[in-house]
Every structure is written in structure tokens, then in C-alpha cells.
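In what follows, residues are counted from 1 in the order of the sequence shown.
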Amino acid sequence: MATQTDPDVAKAGPEVDKSGHRVRSMFASIAGKYDLLNHLLSLNVDRMWRAFTVRTVPPEPGVPVLDCCTGTADLALAYDRAAGGKSPVIGSDFCREMLLIGNQKARKLGAQDRVTLIEGDTQRLPFPTGEFGVVTVAFGLRNVSDTAKGLDEMIRVARPGGKVAILEFSRPRGPVLGRLYLTFFTHVLPRVGQAVAPNRYDAYRYLPESVMQFPDGQEMLDLMTSRGLVDAVQHPLTFGIATLYVGTKPGTPG
């Protein structure tokens, strides 16, 4: 999918391969180092981004929450803490190796009876329509091979009046920050990632490539409204390195 152009942030080259088999195998190969690298490369700011997401789109007591592309379940567990055990939380992901680590973390926190992790594809979510009060995805929608189809499924399983929240990397604008970010993201990060978590898929080169080709800013808001969400808003985080997008499914909770 094309992204808006900006003179300070260059686009990636050829379309990145987001086929299901490649993405699943890639994340399986780095699952053991995934959390370490996320926190290391973001200087732990990724924890703040998830905390902001939970505060901005809080769970409603008794109403289930779904975290798509949950990976090792960081956002699902953050929602469990915020809900205080009063809302069931489900995390879905199609990479079993990531879910195994997520389940270990849930057991360590004593949340295994409240947080359920299931293997499932965001393009074909195995849940009834209108099931969840909050449907989230953190740094995962850009890995879905058909972005619009994944977003449609998230909207489908949200209840009327429910929130759909997308936390994703974005591209800072500006002649200085934009270029510094681009240099770090495309040259430094892949080398550090490959050194810490060697893998034949070069996963940390895929990261900047997929971000550069993913819609951000107004383009993401336009996509959300085109799929049926209303009151779509964006919250740039840490100078625009990440952005939280929130939309509402039309209707009244029944």
C-alpha cells in the first residue's frame, strides 16, 4: 500500500514480502530475543507507549478485550492489569513461538486464568461479530499481508460503540529529526538486531522496510474511516516515532 510522500522521509524500495509463511517464520526465529530487543532498541519507551494506549482506550468492566497480533502478549497483559481482573482479555497471534513466551509471562504474573492466548490469523479472527469492547493491535497490523482485511476483521469483532486502537511506528517529519530517525531506523537498528538475534530472514531489516511502506498520519485515519470507523483520531508519541490511532465502531452497545 502506498504511503504519503514527505521530502524529509524517504520511502522504501520494492514492496516488502509480507506473505504469511515468511512473516510467521521470521517472528518464530526471533521469538526468544523479541522482548529484549524491543526494550533495548526503544530504550524502554515502548512500555510507555503501551501504557498510554491502555489509559487512552481503557477496558470497560465485564466487557472483553481483544489484542490482535499480540506477539508475546505485552499489551494484553497491560490490559489485564488495567482491568483489575474484571474484564477477560484475549490475545491472538498466528506465531505459536511468540504465544508460548506470552503464556510464560502470563503464568509468571499469575494472569494465566484471566488472559487467554490463542493461535489465530487477524485476517480471519475466530470470534463472533460484536464480541469485544476494545480491539487493539500494537506493532502488528503492518505485518498482516492484507491491511484492509485485517482492519475489517478487527472492526467486525468490536461491539457497536466499541473502540479499535492501532499502535504503530510512524515517521517523524522535519529536516533534522526525520533524517536522524531514518538513518537510525534503516542503518543502525538492522545491524544491532541481527547481531543480538541472528536470523536468516534479516528480521530487523524487514522492520524499517515494512514501516516505510505502511500508511501513517492522515493516511491511516483515512483508511480507518473508509472501513467504517467514526471519530478517528491520532495521538503522535515521542516526536512521532510511534502513533496511536483510535476509532469507534458505529452504533449503540447492545
>> I'd like to know if the side chain of Tyr79 and the backbone of Pro58 have a donor-acceptor N/O pair within less than 3.5 Å.
In response: no

> Is the backbone of Arg142 close enough, under 3.5 Å, to the side chain of Lys18 for a donor and an acceptor to pair up by distance?
Replying inline: yes

> Where does the angle between the aromatic ring planes of Phe169 and Phe139 fall among parallel (under 30°), tilted (30 to 60°) and perpendicular (over 60°)?
Replying inline: tilted

> Step by step, would you call Asn143 with Tyr206 a side chain to side chain donor-acceptor pair (under 3.5 Å)?
Replying inline: CA-CA 10 Å; Asn143 299 319; Tyr206 162 89; 2.7 Å; yes

> Would a distance-only check, ignoring hydrogens and angles, find a side-chain to backbone donor-acceptor pair under 3.5 Å from Arg156 to Phe127?
Replying inline: yes

> Side chain of Lys249, backbone of Pro160: donor and acceptor closer than 3.5 Å?
Replying inline: no

>> Evaluate Thr248 against Asp231 for side chain to side chain donor-acceptor pair (under 3.5 Å), listing each step before the verdict.
In response: CA-CA 6 Å; Thr248 303; Asp231 301 327; 4.7 Å; no

> Do Glu60 and Ser87 pass the side chain to side chain donor-acceptor pair (under 3.5 Å) test, and can you show the C-alpha distance, the side-chain angles, and the key distance before you say yes or no?
Replying inline: CA-CA 7 Å; Glu60 182 179 341; Ser87 298; over 6 Å; no

>> Please check: side-chain N/O of Glu119 versus main-chain N/O of Arg96, any donor-acceptor pairing under 3.5 Å?
In response: no

> With distance as the sole criterion, is a donor-acceptor pair present between the side chains of Thr70 and Asp93 under 3.5 Å?
Replying inline: no

> Using 4.0 Å as the upper bound for N to carboxylate O, is an ion pair formed by Arg47 and Asp74?
Replying inline: no

>> For Tyr245, run the side-chain contact (heavy atoms from CB on, under 4.5 Å) check against Val164, Leu167, Asp216 and tell me which one passes.
In response: Asp216

> If only atom types and distance count, is the side chain of Ser92 paired as donor or acceptor with the main-chain N or O of Gly120 below 3.5 Å?
Replying inline: no

